[in-house]
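In what follows, chains carry the letters A, B, and so on, assigned in the order in which the sequence lines appear, proteins first and then strands, with residues in each chain numbered from 1. Small disclaimer: the values here were computed from a predicted structure and weren't measured.
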Amino acid sequence: MTREEIVEKVNALLSEEFEVEQEGIEPEANVKETLSLDSLSLVDLVAIIQQTYKIKIPIADLREIKTFNNLYDYIESHLPA
Amino acid sequence: MQLENNYYRIVGKRITDGQALFRIAFLPDCDVYRGHFPGNAVCPGACHIEMLKECVETLVGKPLFIRTIKQCRFTAIASPLVCPQADLTVVCIPVSDGVAVEARLTDGEKVYMDYRGKMAFDV
Amino acid sequence: MRDIALEKLIPQRSPIVMVDGLLEVEAERAVTSFTVRSDNYFIDTDGCLAEAGLIEHIAQSASAFVGYKAVEKGADAPPVGYIGEVKRFDCRFRPRTGDRLLTVVSVMAEAEGVILIQGTTRTDGGIAAETQMKVYVKA
């Protein structure tokens, strides 16, 4: 799975779930602010990513994910072989 | 299990086209606070839901059964101390065997509950 | 699975204790049991457990699971837990006084101070209710 495929899929998933225009998702933008996530909706984001890519995002790692690029990098580097 | 006059009291009710507004007072000496939680009274979300059901039953005049809840968010923690009174606005839309309910519990500062779900006539 | 007193697992106390205990615990899944008694806080006039009672029971099942994991890590008191969100709750029937509820709670995701679980409650009569639920967990 290439990075472009990840970026495209993630943007589509998140814009639908959190009702945000895909164009509004900038790679270096802050995820929580862009999607206006509170603690309740943040866990939805974790659930979607974990289900879609069959990966686990421990809370400690989640804290490090600030921008969309961080999210794409995390998925790319944790994809099951 | 009647929560009215135990957990809450309806101090006012206004019905305008399609929307009902209940002015709710939370009763501080309700028994539930003995265990939820000892020394730290917090309104249980489940009691907010049961309170809403009782209020909707007064609107439709029939016993109801909470068949589904699409989404119910508790976005702030309520208690008789923090929030002695609040407004419960309820919109009921008749559906095949019951009513679709949208409701919000707020005291003007915070929103305590947003509810969307279907309550069926309890046959 | 260690046998831990219920008071250590959940912060709720009488009259609103809605779990008898943990039967099974795995990394992401737990099973609880609860017998509906006539003095239950959520019993309706017709001797049935109200839907809100099922919701509180599933929430406390999740809290017991979180409490167990906290105690295993050395916490001496269970974290206080509140229901943050109920999603796709579906209730098929209301259990009666005397029914024994068996509830499976599985953790779907966790974020800072919130867990998202799927809960399914059964009695001898089959699935009584299913729901997704987010529980705020404050250490």
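- The CD atom of B/Glu50 sits 9.0 Å away from the CD1 atom of C/Ile55 when rounded to the nearest 0.5 Å.
- If you take OH on C/Tyr82 and CD1 on B/Ile77, they are separated by 4.5 Å, rounding to the nearest 0.5 Å.
- Annotation for C/Ile127: atom CD1 counts as buried by contact number, over 12 foreign heavy atoms lying within 6.0 Å.
- Inter-residue side-chain proximity for B/His36 and C/Glu56 is flagged as met; some heavy-atom pair is nearer than 4.5 Å.
- Residues of residues 22-43 of chain C that come closer than 4.5 Å to chain B, counting heavy atoms only, are C/Tyr41, C/Phe42, C/Ile43, ordered by residue number.
- Proximity to chain C is limited to the side chain of B/Lys53, based on heavy atoms less than 4.5 angstrom apart.
- A heavy-atom distance below 4.5 Å is not found between the side chains of C/Glu85 and B/Phe74.
- Counting heavy-atom pairs under 4.5 Å between each of C/Leu54, C/Ile83, C/Thr131 and chain B puts C/Ile83 at the top.
- Per-residue counts of heavy-atom pairs under 4.5 Å with chain B were compared for C/Ala59, C/Ala52, C/Ala50; the largest is that of C/Ala52.
- Heavy atoms from other residues, nucleotides or ligands lying under 6.0 Å from NZ of C/Lys69 number more than 12.
- Within a 6.0 Å radius of CZ in B/Arg23, more than 12 heavy atoms belonging to other residues, nucleotides or ligands are found.
- In this structure, the separation between CD on B/Gln2 and CG on C/Asp44 is 9.5 Å, given to the nearest 0.5 Å.
- In B/Lys13, the NZ atom is crowded: over 12 heavy atoms of neighbouring residues, nucleotides or ligands sit closer than 6.0 Å.
- Ranked by heavy-atom pairs shorter than 4.5 Å toward chain C, the options B/Gly117, B/Pro38, B/Cys72 are led by B/Cys72.
- Only the backbone of B/Leu64 comes within less than 4.5 Å of a heavy atom of chain C; no side-chain atom from C-beta onward does.
- Neither the backbone nor the side chain of B/Tyr33 comes within less than 4.5 Å of any heavy atom in chain C.
- Heavy atoms closer than 4.5 Å to chain C are found in the side chain of B/Cys30, but not in its backbone.
- Contacts from residues 3-11 of chain C to chain B, taken as heavy-atom pairs separated by less than 4.5 Å, involve C/Pro11 in sequence order.
- Put simply, NZ on C/Lys134 and CZ on B/Arg73 are 5.5 Å apart, with the number rounded to the nearest 0.5 Å.
- Looking at residues two or more places apart in sequence or on another chain, you find a side chain to side chain contact (heavy atoms under 4.5 Å, CB included) between B/Asp31 and B/Arg34, C/Pro15.
- The structure places OG1 of B/Thr68 at 11.0 Å from CD of C/Glu51, a figure rounded to the nearest 0.5 Å.
- Within the 4.5 angstrom heavy-atom criterion, only side-chain atoms of B/Asp122, from C-beta onward, approach chain C.
- Contacts between residues 93-111 of chain C and chain B, counted as heavy-atom pairs separated by less than 4.5 Å, involve C/Phe93, C/Arg94.
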